Amino acid sequence: MIRTRFAPSPTGYLHIGGVRTALFSWLYAKKLGGEFILRIEDTDLERSTEESVNAILEGMSWLELDYDQGPFYQTHRFERYKEVIDQLLANGHAYYCYATPEELDEMREAQKAAGEKPRYDGRFRNFDGTPPAGVQPVIRFKNPTDGEVVIEDMVKGRVVIANKELDDLVIARSDGTPTYNLTVVVDDWDMGVTHVIRGDDHLNNTPRQINLYKAMGAPLPKFAHIPMVLGEDGSRLSKRHGAVSVLQYKEQGFLPEALLNYLVRLGWSHGDQEIFSIDEMIEHFDLNNVNSAPSTFNAGKLLWINEQHFKVAKKEHLSRHLAPFMAELGCDLSQGPDLANVAHLLRDRAKTFMEMAQAAVYFYQDFESFEEGAAKKHLRLVAAEPLQLLLNKLEAVQEWQAEPIHAAINAAAEELGVGMGKVGMPLRVAITGGGQSPAIDATAELIGKPRCIARLQMALTYIAARGEGE
Ligand code: GLU
């Protein structure tokens with residue numbers, strides 16, 4: 001059984017670069033009928049926060065990246081780590097190191113002065129004397145000193161590191177708490193992870209982890225290191241390039257599948273296809289087609305992809321995501337048409353749900369005044385006659401639907417011998433309050449008859465009050 005995982009550290013927001021690796025892991029498991037695990041790596045007690053854990057859980061749930069197991073918390077597994085560390089100590093793969101921080105600093109300074117790479121020199125590796133008093137030791141892994149570690153990375157290809165490049169890493173701090181490289185190996189082993197798919201910022205850790213697997217007698221998983229996402233200036237994507245937290249995209253009104261579509265295309269391709277449904281991503285995803293070079297984040301393209309998903313999404317799906325934005329704007333959805341129909345009508349005209357919601361307010365809320373520019377232009381004295389005529393005709397419409405509404409507008413224009421626009425534009429401003437809306441007949445249908453009639457009357461009053469002079 002294929003098993004992949006996403007293992008974020010809850011020390012900040014859920015970064016979209018992290019989500020891209022989560023998505024690749026998720027897709028890989030889904031595609032091969034395997035399982036996907038969520039594991040919260042919260043052993044850094046000082047930097048981990050509950051708020052950040054919640055952001056991870058909320059982000060995963062918004063994106064519908066469902067997990068078959070977890071969330072597991074590393075802080076619940078300290079006993080198990082201790083057990084493994086004790087075993088490593090017992091069979092000679094680990095040892096206590098009593099070097100004080102000052103001593104280690106001195107050692108590094110001396111190495112630097114001699115033009116060497118600073119590294120732990122193994123001074124307690126074979127120590128069997130009396131431990132110095134008053135030092136709480138750390139525990140280090142006894143890394144092999146000869147031979148090499150070979151990573152057959154599914155994205156990067158073959159990576160070879162000589163063991164003499166690796167020093168003896170700390171696997172337990174002096175307070176006894178285990179470090180990242182130890183916990184990640186114990187967890188991936190215990191949880192039966194077969195494919196470790198993660199950011200290539202961890203590639204440096206992998207040879208050390210492979211040596212740990214071997215020392216523990218654990219089977220090696222396969223590794224796939226995914227290149228980083230960069231900002232437009234070529235540096236690693238961060239806050240100063242704009243929104244990097246997944247929840248910010250939720251708040252700005254993106255469809256989750258559009259964000260995933262954007263992220264899957266960052267560094268992965270399937271021919272020249274740009275728009276993918278989730279099912280298509282699962283069907284076509286392949287680690288072999290993941291680019292081994294970093295990719296650049298482009299907010300404009302993400303917006304474009306969101307627009308494309310708006311155009312094909314089911315209207316109920318759109319309305320489910322649009323509803324919170326309507327509430328945010330103070331709209332009571334019981335005071336107007338089915339939101340799904342409104343979303344369907346507006347979906348070609350909005351880049352985000354935030355925009356869509358702003359364009360949907362007049363379906364649910366009456367307004368007290370017309371938009372100034374649009375009113376100036378379209379609610380003039382010459383519009384009084386067409387609007388009055390239209391009002392009479394619309395009052396007589398029995399079946400309040402786009403077609404008869406359209407016929408009424410047509411008939412009014414014909415009777416007055418003017419183009420449709422001369423009737424349609426004043427009508428648009430009258431019933432929507434502004435000069436922009438989808439097709440006016442369909443818009444009027446959804447606004448509803450009583451509201452349209454009342455707003456037309458309001459427009460006529462407005463025109464009358466404006467008087468001759470203007
Ligand atoms: N917890 C690590 C991080 O958030 C990831 C560890 C891993 O994927 O192996 O960077």
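Keep in mind the model is a prediction, meaning the values are calculated, not measured. For ligands, and for the atoms within them, numbers begin at 1 and follow the listed sequence.
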Task: Residue portion contacting ligand 1 (non-hydrogen atoms closer than 4.0 Å) for S9 - done: both
- [ ] Using distance alone, decide if ligand 1 has a nitrogen or oxygen within less than 3.5 Å of any nitrogen or oxygen in E41.
- [x] yes
Task: V184 neighbourhood, listing ligand 1 atoms whose heavy-atom distance to it stays under 4.0 Å - done: 9 (O)
Open item on the list: Counting non-hydrogen protein atoms only, what is the nearest one to atom 10 (O) of ligand 1? Give residue, atom name and distance.
Closed with: H202 NE2, 2.8 Å
Task: Step-by-step side-chain contact (heavy atoms from CB on, under 4.5 Å) determination, V184 to D188 - done: CA-CA 6 Å; V184 80; D188 285 338; 3.9 Å; yes
- [ ] Distance to 0.1 Å, residue and atom name: give those for the protein heavy atom nearest to atom 8 (O) of ligand 1.
- [x] R5 NH1, 2.6 Å
Output a table of donor-acceptor pairs, distance under 3.5 Å, between side-chain atoms of residues 286-293 and any protein atom two or more places apart or on a different chain; print 'none' if there are none.
from : atom 1 : to   : atom 2 : distance (Å)
D286 : OD1    : N288 : N      : 3.0
N291 : OD1    : A293 : N      : 3.1

Open item on the list: Could you check whether atom NE2 of H195 has more than 12 heavy atoms from other residues, nucleotides or ligands sitting under 6.0 Å from it?
Closed with: yes
- [ ] Work out whether the distance between some heavy atom of F6 and some atom of ligand 1 is less than 4.0 Å.
- [x] no
Open item on the list: F124 and ring pair (Phe, Tyr, Trp, His ring centres under 6.0 Å): which single residue from Y98, Y96, Y95 fits?
Closed with: Y98
Open item on the list: For L104, give me all partners under side chain to side chain contact (heavy atoms under 4.5 Å, CB included), at least two apart in sequence or on another chain.
Closed with: A99, M107, R108, Y120, R140
Task: Residue, atom name and distance, where the atom is the protein heavy atom closest to atom 5 (C) of ligand 1 - done: A7 O, 3.3 Å
- [ ] Inspect the contact between R320 and E64 and indicate whether a charged nitrogen and a carboxylate oxygen are less than 4.0 angstrom apart.
- [x] yes
